[in-house]
Amino acid sequence: MPSLYSSSAALVGALALLRTTHAQDFATNCSSLLDQINIENVTAYAADYITAQVVSTDLCCVQMNVTTSEQSGIRLEAWFPQNYTGRFLSTGNGGDGGCIQYPDLDYTTSLGFAAVGANNGHDGMTGVPFLNNPDVITDFAWRSLHTGVVVGEQLPALFYGAPQNKSYYLGCSTGGRQGWTVVQNFPEDFNGVLAGAPAMASTDLPYWSGSFLPVTGNEDADTFVPTEIATDNVLENPDLCGFDPTPLICADGNTTDCLTETQAETVPTVLSAIYDENGELVYPRMQPGAEVLAGALQWNGQPFGITQEWWRYVIYNDTTWDPSTLTIADYHVAKEQNPANVETFNGDISAFQSTGGKVLHYHGLMDMLISSENSKRYYNLVQETMGMDSSELDDFYRFFGISGMSHCGGGDGAYKIGNVADGVAGTSADENVLIALVQWVEEGVAPEVVRGADANETFWRAHCKWPLTNKYVGPGDYEEESAWQCS
Ligand SMILES: *[C@@H]1O[C@H](CO)[C@@H](O)[C@H](O)[C@H]1NC(C)=O
Ligand SMILES: *[C@@H]1O[C@H](CO)[C@@H](O)[C@H](O)[C@H]1NC(C)=O
Ligand SMILES: *[C@@H]1O[C@H](CO)[C@@H](O)[C@H](O)[C@H]1NC(C)=O
Ligand SMILES: *[C@@H]1O[C@H](CO)[C@@H](O)[C@H](O)[C@H]1NC(C)=O
Ligand SMILES: *[C@@H]1O[C@H](CO)[C@@H](O)[C@H](O)[C@H]1NC(C)=O
Ligand SMILES: *[C@@H]1O[C@H](CO)[C@@H](O)[C@H](O)[C@H]1NC(C)=O
Ligand SMILES: *[C@@H]1O[C@H](CO)[C@@H](O)[C@H](O)[C@H]1NC(C)=O
Ligand SMILES: *[C@@H]1O[C@H](CO)[C@@H](O)[C@H](O)[C@H]1NC(C)=O
């Protein structure tokens, strides 16, 4: 009879051997995947087993080029984790880019998703490749993401021997808009969509962010307001705020810590909604609470790069177009063009609803690049277009404002909701917005709140489902989660 010790040692040894064999199997399967991929327009050129020393979990990484037109194509990667959960996930992009978002692939594969990411039709973060190439613009508007899904969803069956059970999307900013493109136009692509701070209404947005420079002027202009004149904190409900700069106007000749009358006219203009000459809303106001960040990035007297490139390389095919000349006439040109329907502002999402799909939309309430007011505007548009009240939308579309989150992450508040790799404070459904979406899709348990932790994870806040907003009711200080109530 072997002793208890030696039999358990043998068991441990056998298990270790099994794990090693399993890993070898997995690596072998990975390298043989390359020959199995035979899909029209797809050139797969690498399949590598990558271990958790390099990425967060052991996985098989496949690299492909996919032709999307005679003059464009995408670069696509598919990451297959060894700890697969049967779930497929597609990631999005950012700005005018251009880059596979590796942190998103790493984060979502670490949670067991088979994940794909594409370069959105061109490499790099600049919009130069849009110039004179409408096909590259079409890839950026919708075709890269959709192609990545069409190709990507064929791969788990090849690699794991069975197709995925469910299909998800995660993206923010341009990635948030891409998520909405799919909800509006390809309702079959995903069972669950997590779309953050969407750059939607994307012919309105470049006018809004382009409109600041002609108002502020450059740093030397007497209309320019240096941002040292503001201070800040977290606003739970920016809707309650209006801002009147009049008390800040200089009382005497000394203009050191105060506004001149000319500067005081700049302030409400950059904070206000924009209307066209017919009184139609172009873009809602910057939500109060993001002034310091917006001052540094958008009201800094410099052209805003992403926007300038959009006007130059997409709308005008003119590399010398001058951003300080922007007027409402340019807005109408862009609106008319709406290249490849990049606008992404259709309020009828009934086709997505009919598939049983769920969309979880969030937006930081101190977002300095894309106003969260625009997300509320879209929510209202869906309500009006579909003739539904919030409780009816709740079945398939929920929107959460995240106080203290800036653009897609970071910020002074409880922004760590699990939407991006550097904003994760937990992986259970009540700590992580992606897992909450999975629970909604797979178990029918919909999130009532989205919980997040602050940068140092010293406190949590339950962010409310719009149109509810948080109210402080006490007892305890602001860090006490139970001191806040949605109403
Ligand atoms: C490798 O592929 C075979 C055949 O498709 C499959 O049965 C096996 O489970 C795979 N092994 C691993 C570790 O993925
Ligand atoms: C797979 O998941 C299990 C349980 O969630 C975890 O303990 C293990 O470390 C994971 N393995 C890898 C290789 O990521
Ligand atoms: C993939 O596409 C890139 C351009 O995006 C090109 O440089 C590269 O040579 C292509 N690779 C293969 C194997 O076709
Ligand atoms: C392959 O690419 C061409 C454009 O180059 C396109 O017309 C065709 O529809 C694509 N095929 C598939 C299956 O996507
Ligand atoms: C999902 O897919 C995996 C792998 O293909 C399978 O083993 C599992 O049973 C499925 N799970 C559910 C809940 O359908
Ligand atoms: C930009 O150039 C392309 C290719 O020459 C052309 O198809 C497109 O219509 C042009 N766009 C504008 C706004 O001139
Ligand atoms: C102007 O005001 C600042 C601060 O309010 C003060 O430090 C400075 O001495 C004043 N300058 C003059 C010329 O009065
Ligand atoms: C987080 O902690 C660091 C060091 O303890 C501190 O300097 C920082 O101010 C804290 N950040 C927040 C947002 O509380």
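Each ligand, and each atom within it, is numbered from 1 in the order the structure gives.
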For residues 207-214, run the donor-acceptor check on the side chains, cut-off 3.5 Å, and write out each pair with its distance to 0.1 Å, sequence neighbours left out.
residue: Y207; atom: OH; partner: I328; partner atom: N; Å: 3.4
residue: S209; atom: OG; partner: L205; partner atom: O; Å: 3.1
residue: S209; atom: OG; partner: T307; partner atom: OG1; Å: 2.7
residue: S211; atom: OG; partner: W208; partner atom: O; Å: 2.6

> With T269, which residues qualify under side chain to side chain contact (heavy atoms under 4.5 Å, CB included), at least two apart?
Replying inline: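 Expected list: V215.
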
> Using a distance-only test with no angle check, is there a side-chain donor-acceptor pair under 3.5 angstrom linking Q287 and S372?
Replying inline: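 Short answer, yes.
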
>> Measuring from non-hydrogen atoms of L131 to any atom of ligand 6, is the shortest distance under 4.0 Å?
In response: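 No, L131 has no heavy atom closer than 4.0 Å to ligand 6.
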
>> Would N317 count as a polar contact of ligand 6, with the cut-off being nitrogen or oxygen pairs under 3.5 Å?
In response: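 N/O-N/O distance under 3.5 Å: yes.
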
>> Quick check: Y316 and ligand 6, any N/O pair under 3.5 Å apart?
In response: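 In this structure, Y316 places no N or O atom under 3.5 Å from an N or O of ligand 6.
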
>> Using a 4.0 Å heavy-atom cut-off, which part of N133 comes near ligand 6: side chain, backbone, both, or neither?
In response: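 It is neither; nothing of N133 touches ligand 6.
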
> Is T68 close to ligand 4, meaning an N/O of one under 3.5 Å from an N/O of the other?
Replying inline: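 N/O-N/O distance under 3.5 Å: no.
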
> If you measure from CD on E343 to CD on Q184, what distance do you get to the nearest 0.5 Å?
Replying inline: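 Here the rounded value is 9.5 Å.
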
Dump the pairs for me: ligand 3 N or O, protein N or O, distance under 3.5 Å, to 0.1 Å.
residue: ligand 3; atom: 2 (O); partner: N65; partner atom: OD1; Å: 3.3
residue: ligand 3; atom: 2 (O); partner: N65; partner atom: ND2; Å: 2.3
residue: ligand 3; atom: 11 (N); partner: N65; partner atom: ND2; Å: 2.9
residue: ligand 3; atom: 14 (O); partner: N65; partner atom: ND2; Å: 3.2

> Can you name the residues that form a salt bridge (charged side-chain N to carboxylate O under 4.0 Å, His left out) with K416, not counting sequence neighbours?
Replying inline: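 So K416 forms a salt bridge (charged side-chain N to carboxylate O under 4.0 Å, His left out) with E457.
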
> Is there a donor-acceptor pair closer than 3.5 Å between any side-chain N or O of Y283 and the backbone N or O of Y275?
Replying inline: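 Flag not set: sc Y283 to bb Y275 has no pair under 3.5 Å.
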
>> Suppose I only count heavy atoms of N41 and a 4.0 Å limit; which atoms of ligand 4 are within that range?
In response: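 So the answer, numbered in order with elements, is 1 (C), 2 (O), 3 (C), 8 (C), 10 (C), 11 (N), 12 (C), 14 (O).
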
>> Check the orientation of Y379 and F399. Use parallel for under 30°, tilted for 30 to 60°, and perpendicular for over 60°.
In response: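 Judged by the thresholds at 30° and 60°, the geometry between Y379 and F399 is tilted.
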
> Would you call the rings of Y397 and W180 parallel, tilted or perpendicular if under 30° counts as parallel and over 60° as perpendicular?
Replying inline: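 Perpendicular, since the angle between the ring planes exceeds 60°.
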
>> Check whether F140 forms a cation-pi arrangement with R177 (NZ or CZ under 6.0 Å from the six-membered ring centre, at most 45° off the ring normal).
In response: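 Yes; both conditions hold, so R177 lies above the ring face of F140.
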
